[in-house]
Amino acid sequence: MIENLVKDLAKFVEGGLSVELYDGRVIGEGKCKVVVKDPKVIRDIIKDPEMGFGEHYMKGNIQIIGDLEKFLRGCTKYLKDGGEKLRFMPLRSLLKILGLLKFVEEKEVQRHYDLGNDFYSLWLDSSMTYSCAFFKSPDCTLEEAQEEKRRIIYEKLQLSEGDRLLDIGCGWGSIILESAKLYPITTVGITLSKNQYEYVKERIKQEGLEGRVEVYLMHYEDLPKLGLKFNKVVSVGMFEHVGKGRHRKFFEVVSKIMEDGGLFLLHTIGKVHPSSQSRWIRKYIFPGGYLPSIEEVLRAVRHLDFNLIDIDDWRLHYYFTLKEWLRRFYSVGDYVKEKYGEEFFRMWELYLVASAVSFYNGSNHLFQFLFSKGVVNNYPVMRRSFLQPLLMA
Ligand SMILES: C[S@@+](CC[C@H](N)C(=O)[O-])C[C@H]1O[C@@H](n2cnc3c(N)ncnc32)[C@H](O)[C@@H]1O
């Protein structure tokens with residue numbers, strides 16, 4: 001059975017595939033070599049393929065000598081194109097890893113983001129933005145691409161004098177801090193992470209933005225308690241935490257704190273159609289996260305007073321963002337292994353590569369939904385630019 005599986009899978013992995021088993025047997029030949037160090041790997045993958053692969057990869061019981069991204073890409077292709085017979089092979093579930101995120105409870109969100117500002121600053125750009133950037137051209141730096149993403153958001157939100165902007169899930173504050181410097185507006189950000197909250201508070205002081213920028217450590221459901229109303233709202237990379245069955249409630253809250261005629265830009269990873277989510281990612285990276293489909297987002301606003309203006313898909317931009325995060329992550333690999341341990345390194349490596357592959361192969365997308373509260377007819381009818389240079393040759 002293993003021989004057949006390797007032979008079939010090898011057809012889909014660029015450069016071919018060989019597998020070296022714990023007993024010294026080598027099956028197949030190719031550029032990518034999978035080393036299986038422990039007989040438990042096979043047992044656990046058969047029992048629970050996705051979790052089995054993920055956990056043994058983290059522990060180093062499975063090693064990929066060659067390109068992990070190409071290997072995972074091959075696996076997805078194999079599962080997609082491999083025909084009816086192959087769909088029942090154990091590896092099918094393994095690539096569920098390529099889904100992302102699902103709703104998490106407060107403590108779980110904190111566990112992820114409070115890993116420490118130091119850890120994230122090792123591989124994020126200098127604005128500490130932890131979401132998809134926009135690469136105007138393939139040679140943009142990550143810093144430039146994150147800045148470009150913010151510019152697009154400000155334009156889509158038509159920021160102008162006197163606006164009150166809310167950022168739900170503001171992270172390390174790049175939007176609320178920068179937009180308040182660029183426009184005569186006031187901004188408010190909320191986050192569940194104590195580290196992010198302290199960091200943003202300090203930046204507000206350092207940059208003399210007191211009175212114009214506020215940050216709160218709070219759950220979005222508590223927003224109405226602030227007693228504030230906003231005419232512009234943005235949420236970037238946070239909706240993935242909201243969770244199945246809670247999307248409608250999220251929009252109800254946003255509607256409560258928005259003024260009529262206001263604009264809401266929702267930037268989220270998503271799926272075109274509802275599909276399965278990764279149990280491994282939920283256990284180790286984003287416990288509880290859920291990636292909504294377009295349909296689920298639109299269904300959630302159906303009976304509310306939001307009117308859809310535009311949907312944009314930045315799928316390949318997230319692939320490039322992840323590749324850049326990964327490049328930076330690898331460049332500090334030895335330090336990460338020493339400080340956080342080998343298993344932690346391998347867990348984050350797998351998460352970043354699997355995520356990159358999920359955008360490359362089209363399982364995941366990055367959507368920007370733009371809604372108005374009520375019908376707004378004085379919105380520009382054209383996007384900033386329809387023609388972007390090709391990102392992929
Ligand atoms: C992926 S980060 C994105 C941060 C930032 N928007 C960016 O683009 O860099 C998700 C953010 O959502 C926040 N978050 C997650 N669940 C939340 C909740 N229930 N209420 C408020 N914030 C939440 C996290 O604390 C974190 O700041």
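Numbering of ligands and ligand atoms starts at 1, following listing order.
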Which atoms of ligand 1 sit under 4.0 Å from any heavy atom of [X]?
{"X": "S131", "result": "7 (C), 8 (O), 9 (O)"}
{"X": "M218", "result": "20 (N), 21 (C)"}
{"X": "S193", "result": "25 (O)"}

Tell me which one of W172, F239, Y220 gets a heavy atom nearest to atom 20 (N) of ligand 1.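 Answer by nearest heavy atom: Y220.
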Winner among Y197, Y120, Y130, Y113 once heavy atoms are compared against atom 10 (C) of ligand 1: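 Checking each option, the heavy atom nearest atom 10 (C) of ligand 1 is found in Y113.
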Is there a polar contact between ligand 1 and [X], counting only N or O atoms under 3.5 Å apart?
{"X": "T191", "answer": "yes"}
{"X": "L192", "answer": "yes"}
{"X": "G169", "answer": "yes"}
{"X": "I168", "answer": "no"}
{"X": "G171", "answer": "yes"}

Heavy atom of E240, distance to ligand 1 below 4.0 Å: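 So E240 does not count as touching ligand 1.
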Within a strict 4.5 Å, meaning less than it, do heavy atoms of the D310 and Y379 side chains meet?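 Side-chain contact under 4.5 Å: no.
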Can you find a pair of side-chain heavy atoms, one from V301 and one from F369, that are under 4.5 Å apart?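 No - every pair of side-chain heavy atoms lies 4.5 Å or more apart.
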Do you know which two heavy atoms are closest between S179 and T187, and how far apart they sit?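 Closest approach of S179 to T187, heavy atoms only: OG-CG2, 3.5 Å.
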In terms of the angle between their ring planes, are F119 and W348 parallel, tilted or perpendicular, with boundaries placed at 30° and 60°?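 Perpendicular, since the angle between the ring planes exceeds 60°.
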Answer with side chain, backbone, both or neither: which part of Q196 has a heavy atom less than 4.0 angstrom from an atom of ligand 1?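 The part of Q196 near ligand 1 is the side chain, not the backbone.
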Taking heavy atoms and a distance under 4.0 Å, where does H219 meet ligand 1: side chain, backbone, both or neither?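 Both backbone and side chain.
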Evaluate whether atom CD of Q206 has more than 12 neighbouring non-hydrogen atoms of other residues, nucleotides or ligands under 6.0 angstrom away.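 Atom CD in Q206 is crowded, with more than 12 foreign heavy atoms closer than 6.0 Å.
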Hey, do the aromatic rings of H267 and F134 have their centres closer than 6.0 Å?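 No, ring centres 6.0 Å or more apart.
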Within residues 54-67 or reaching into it, pairs that qualify as salt bridge (Lys or Arg N to Asp or Glu O under 4.0 Å) - sequence neighbours excluded: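 Those involving residues 54-67 are E55-K283.
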For D23, which residues count as a salt bridge (charged side-chain N to carboxylate O under 4.0 Å, His left out) partner, sequence neighbours excluded?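 Testing D23 for salt bridge (charged side-chain N to carboxylate O under 4.0 Å, His left out), a comparison that skips the adjacent residues, returns R25.
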